[in-house]
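All heavy atoms count here, side chains included; hydrogens, waters and symmetry mates do not. Note that the structure is a prediction, hence the values are computed from the model and not measured.
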Amino acid sequence: MAEAEAVAEAEPVAEEPRTVFADLGLSEKLLRAVEESGYKHPTPIQEQAIPIVLMGRDVLGCAQTGTGKTASFTLPMMDILAGSRAKARMPRSLILEPTRELALQVAEQFVKYGKYLGLTHALLIGGESMDDQKAALEKGVDVLIATPGRLLDLFDRGRILMADCKLLVIDEADRMLDMGFIPDVERIGSIIPALRQTLFFSATMAPEIRRIADAFLRNPKEITVSRPATVATTITAGLFYVPEMDKREALRRLIRREQVQNALIFCNRKRDVDILYKSLKKHGFSVGALHGDMDQSARFATLNAFKANEIRLLVCSDVAARGLDIGGLSHVFNFDVPFHSEDYVHRIGRTGRAGREGHAYTLATPEDGKLVQAVEKLTGAPIPRMEIEGMEPITEAEIAEAMTRKRGGRGSRADAGRGERSGGRDRHGRGRERDRDERPRRAAAPPATPAAEEMTEERPRREEARRRDERPRREEARRDEQPRRDEARRDEPRRDRERDDHRRRDRDRDDLGPPVRGFGDDVPAFMLIPIPRPRKPRAETGAPEGDAAEAA
DNA sequence: AAAAAAG
C-alpha cells in the first residue's frame with residue numbers, strides 16, 4: 001500500500017548498497033511475507049523506526065503518508081505480538097486511526113504481512129454492525145484497529161478489557177487534533193495500562209501535538225522523515241478562476257482536455273460532493289462519490305471500485321484528503337479551494353506519488369481569492385494561473401474587486417455550494433450587500449438578460465413584501481417543509497439547468513408565498529409563529545433561500 | 001464554514 005509504493009519508488013533512485021528488510025531484526029516469517037509482497041528495501045522511516053520499536057522503545061514519528069509510515073509500526077508490532085495469544089476480550093495492542101478508511105488500510109496490511117504469524121485483528125469502526133466486532137473481541141484478538149468513537153463505545157459496553165493492551169499506536173495525531181478527537185484519545189490513554197509502549201505519529205509537530213505527545217510518550221525516540229524530495233517536483237499545479245456558475249462546466253472541460261487516468265475531485269461540502277457526482281454521472285463520466293455521510297458499505301465499495309480502476313473519477317470530501325492510499329493518481333482536482341490551506345497540501349499530495357507525474361488543478365471563484373492567497377502563502381509559491389479554452393477568463397481586477405467586496409462572508413450555506421450563486425459575475429456592486437437579494441442566476445444559461453430582468457422586477461415586490469408585517473413570519477413557517485421539497489427535486493433526473501430553473505421558481509413562489517396551506521389569507525395568527533427548532537445539520541440539503549435571509 | 005467520528 002502506501003508503504004509498498006514508497007518502497008518501490010525508492011528503488012530506482014538507489015545508488016549505493018542499501019539496507020534490506022532482513023537487516024532490521026524482523027522475524028523470518030514476517031520477512032517472507034514482506035518479500036512475497038515484493039519489497040526488499042525499507043523506506044527511511046521503516047529503517048529508523050523498526051529497530052527502535054523492536055527494542056520496546058516509544059517512538060515519536062513525524063512523517064506523512066507515503067513515507068512508509070504504516071509498515072514502520074505494523075511490521076515490528078507483529079513481531080512483538082507473535083508467539084503469544086490473546087485472551088477473550090483482552091486485546092494486546094491498539095492502533096487508533098482518525099478515519100474508517102485509514103483503519104481499513106491498516107487492517108489490510110495486517111492481513112498481508114501477518115499471514116504466516118497467525119495473529120488476529122479486529123477492525124472497530126463505526127457505521128458497521130457491532131455484532132461481528134463483538135464476536136471477534138469475544139474470541140480474543142491480538143490487534144485492535146479502531147477509530148476512537150467505536151472503540152470507546154464498545155469499551156463502555158464492557159466488551160473490551162484493556163489490561164493486556166501494552167502496545168498503543170496513535171496514527172495521524174495531527175488529524176485527530178483537527179477533527180476534535182483528542183479528548184477521546186486522551187480518554188483512551190487513561191483506560192489503557194500506563195506501563196506500555198506507545199508509538200505516536202503525526203505529519204506535523206505543532207506545539208499542541210507535541211504537548212499531547214509528551215503526555216503519551218516516555219522517553220521517545222524522535223524520528224523525522226521528510227517527504228521524498230521528488231514528490232514536490234512531480235506535481236504540476238494549476239489554478240483556474242471561473243465564475244461559480246461555470247465550475248461544473250469548467251471541470252468537465254478540464255477532465256476532457258487532460259489525459260485523466262484516474263482522479264480525485266475534492267469538494268468542500270458533502271452536499272456538493274453529491275451534486276457534482278450526479279452531474280458528472282449525467283454527463284457520462286465514470287465516477288463515484290465518497291463522503292462521511294454515506295453508509296459505510298457504500299464508502300468501502302466505492303473506494304475499492306476506484307482503487308480497482310472500475311471508476312475513473314472519485315468525487316469526495318476531505319474524508320479522502322489525507323492518508324488514503326490510492327496508488328498512481330494522475331490528477332487531483334479541487335472543485336473548491338479548501339477552507340484550510342493545509343488541506344490543499346494534503347489533497348494534492350494524493351497525486352504525483354511513487355515518482356510518477358501528477359497534476360493538481362484547482363477551480364476558484366473570484367470570492368475564493370483570500371483562500372487562494374492563504375494556500376500560496378503556505379506553499380510559498382503562487383499556483384500558476386491557467387485558462388480553459390472557450391471559457392471567458394476572469395481578470396485579476398475582478399478578483400481583486402471580489403475580495404474587497406467580500407466583507408460579510410460567502411453568503412448563505414444554502415446557496416454557497418450549489419454552484420448557482422450569483423458569484424463574482426455580479427460585478428456592478430449590486431447584489432452582494434444582502435444575501436436575500438441574490439438571485440440564483442443560472443449557470444451556463446447564456447442570456448444574462450432574462451435573469452437580470454427578473455431581478456429588477458423581483459426586488460420591489462419583495463421590498464413590499466418585507467414591509468408587510470406577517471410576511472417574514474410566513475416565510476419562516478414555510479421554511480420547515482422547504483428542504484424536503486428541494487431534496488426531492490435534486491434527485492429528479494433532469495438536466496441541471498432545467499432543474500435549477502424549477503428551484504428558482506420555487507423560491508420566487510416562496511417569497512410571495514401562499515401562506516399556510518388551506519387557509520388562504522386568513523391564517524390564524526398562531527400558525528404563523530415560527531417554531532424554533534434546532535437547525536438540522538447539513539444532511540438536509542437544498543436548504544431554501546429562506547435560510548439565507550435568516551442567516552443574513 | 002466544513003469535514004471527520006458514536007448512534
Q: Just jot down the salt bridge (charged side-chain N to carboxylate O under 4.0 Å, His left out) partners of A/R150, sequence neighbours excluded, or say none.
A: none
**Q.** A/F266 CZ - B/dA1 C1' separation (whole Å)
**A.** 18 Å
Q: Pick base, sugar-phosphate or nothing for A/G180, based on heavy-atom distances below 4.0 Å to the nucleic acid.
A: nothing
Q. How many Å lie between CZ on A/R271 and P on B/dA4, as a whole number?
A. 14 Å
Q: Specify the closest pair of heavy atoms between A/R347 and A/D318, including all atoms of both residues, with the distance to one decimal.
A: NE-OD1, 2.7 Å
Q | Spacing between A/D178 atom CG and B/dA2 atom C1', to the nearest angstrom | A | 12 Å
Q.
Measuring to OP1 and OP2 of B/dG7, would you say a side-chain N or O of A/R157 lies under 4.0 angstrom away?
A. no
Q: Kindly say if A/T147 contacts the phosphate of B/dA6, meaning a side-chain N or O under 4.0 Å from OP1 or OP2.
A: yes
Q. Taking only N and O in the side chain of A/R269, is any of them less than 4.0 Å away from OP1 or OP2 of B/dA2?
A. yes
Q | Listed nucleotide nearest any side-chain atom of A/K270, set B/dA2, B/dA4, B/dA5 | A | B/dA4
Q: Starting from P on B/dA2, measure out to CG on A/D274 and report it in whole angstrom.
A: 15 Å
Q: Identify whether any heavy atom of A/H291 sits under 4.0 Å from a base atom; if not, whether one sits that close to sugar-phosphate; answer base, sugar-phosphate or nothing.
A: sugar-phosphate
Q) Can you say whether the rings of A/Y361 and A/F240 are parallel (under 30°), tilted (30 to 60°) or perpendicular (over 60°)? A) perpendicular
Q: Applying salt bridge (charged side-chain N to carboxylate O under 4.0 Å, His left out), name anything that partners A/D156, two or more places apart in sequence or on another chain.
A: A/R187
Q.
Would you say A/R299 places a side-chain N or O within less than 4.0 Å of OP1 or OP2 belonging to B/dA4?
A. no
Q. If you check every side-chain atom of A/H340, which of B/dA5, B/dG7, B/dA2 has the closest atom?
A. B/dA2
Q) Does a side-chain N or O from A/S317 land closer than 4.0 Å to OP1 or OP2 of B/dA4, or not? A) yes
